[in-house]
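Quick notes on the structure that follows.
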Amino acid sequence: MKEITAKELAKKLKEEETLSIIDVREVDEVAQGKIPGALHIALGQIPERVNEIDKDKQHFIVCRSGGRSGKACAFLSDQGYDVTNMVGGMLAWEDGVEK
């Protein structure tokens, strides 16, 4: 599985105009804040909402600590998607700076 750190993703976000970031946390977690521009699809909804994810793009998957995003990456990768897990999740994200 491909991985990226919070710091690396923040750098990419600043350098590139459009990145596909998918936040797989639950609604109450996302309400506390998310990476600007991230699409929210809770982990449990991924199989039924997979058609909303463009197979022609690279996607960065985010959760609280990296576990659920890892599961989402495994599922999406099996479906033929180009996905990268953000290790450390939102716990490592602090305005794009690793804690």
Side-chain angles (χ1 to χ4, degrees):
M1 175 185 323
K2 292 189 286 185
E3 296 181 331
I4 192 167
T5 67
K7 190 173 186 177
E8 290 167 336
L9 184 58
K11 186 174 185 232
K12 281 181 90 52
L13 199 54
K14 287 176 184 162
E15 293 172 353
E16 298 179 34
E17 284 186 23
T18 56
L19 286 182
S20 175
I21 301 170
I22 301 173
D23 192 322
V24 298
R25 296 176 298 156
E26 296 300 320
V27 173
D28 59 325
E29 293 173 293
V30 172
Q32 296 171 20
K34 67 181 175 94
I35 297 171
L39 171 65
H40 174 235
I41 304 178
L43 178 62
Q45 297 176 343
I46 295 275
E48 63 198 49
R49 294 180 61 188
V50 74
N51 63 325
E52 296 175 36
I53 303 169
D54 188 345
K55 259 196 177 165
D56 296 328
K57 289 185 177 178
Q58 179 182 19
H59 305 280
F60 298 93
I61 314 297
V62 178
C63 70
R64 181 176 174 272
S65 63
R68 284 176 284 175
S69 54
K71 290 178 184 176
C73 282
F75 174 80
L76 291 168
S77 183
D78 286 348
Q79 305 298 313
Y81 289 86
D82 180 5
V83 290
T84 302
N85 186 28
M86 187 177 89
V87 294
M90 290 303 288
L91 292 176
W93 183 272
E94 186 179 301
D95 292 326
V97 178
E98 286 185 287
K99 292 183 182 175

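Heads up: numbering here begins at 1 and tracks the sequence.
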When clusters are formed by joining ILVMFWY residues with side-chain heavy atoms under 4.5 Å apart, either directly or through shared neighbours, do V30 and V62 land in the same one? no

What's the separation between atom SG in C63 and atom CZ in R68, rounded to the nearest 0.5 Å? 5.5 Å

In this structure, CD1 of I21 is separated from CD1 of I35 (nearest 0.5 Å) by 5.0 Å

Could you state the interatomic distance from OG (S69) to CE (M1), rounded to the nearest 0.5 Å? 8.0 Å

Could you pull out all residues at least two apart from S77 that satisfy side chain to side chain donor-acceptor pair (under 3.5 Å)? none

Using side chain to side chain donor-acceptor pair (under 3.5 Å) as the criterion, list what pairs up with E16, not counting sequence neighbours. K12

Whether the T84 and Q58 side chains hold a donor-acceptor pair (N or O, under 3.5 Å, no angle test) is what I'd like checked. yes

Quick check for you: to the nearest 0.5 Å, what is the distance between T5 atom OG1 and W93 atom CH2? 9.5 Å

Is V27 isolated, or which residues cluster with it under the ILVMFWY side-chain rule of less than 4.5 Å, directly or via members? none

Exercise: identify the closest heavy-atom pair between R25 and G33: NH2-O, 2.7 Å

When rounded to the nearest 0.5 angstrom, what is the spacing between CE in M90 and CD in E29? 10.0 Å

Quick one, R49 with E52, criterion salt bridge (Lys or Arg N to Asp or Glu O under 4.0 Å). Give me CA distance, side-chain angles, the key distance, then yes/no. CA-CA 6 Å; R49 294 180 61 188; E52 296 175 36; 2.9 Å; yes

Report the residues that fulfil salt bridge (Lys or Arg N to Asp or Glu O under 4.0 Å) with E48, sequence neighbours left out, ordered by chain and then residue number. none

List the atom of A6, the atom of A92, and the distance in Å for their closest heavy-atom pair. CB-O, 3.5 Å

Sequence neighbours excluded - salt bridge (Lys or Arg N to Asp or Glu O under 4.0 Å) pairs with any residue from residues 70-91: K2-D82

Which other residues belong to the hydrophobic cluster containing V24, where Ile, Leu, Val, Met, Phe, Trp and Tyr are joined when side-chain heavy atoms lie under 4.5 Å apart, directly or via other members? I22, L39, I41, L43, I46, V50, I53, I61, F75, L76, Y81, V83

Minimum side-chain heavy-atom gap C73-N85 below 4.5 Å: yes

I need the E8 CD to E3 CD distance, nearest 0.5 Å. 10.0 Å

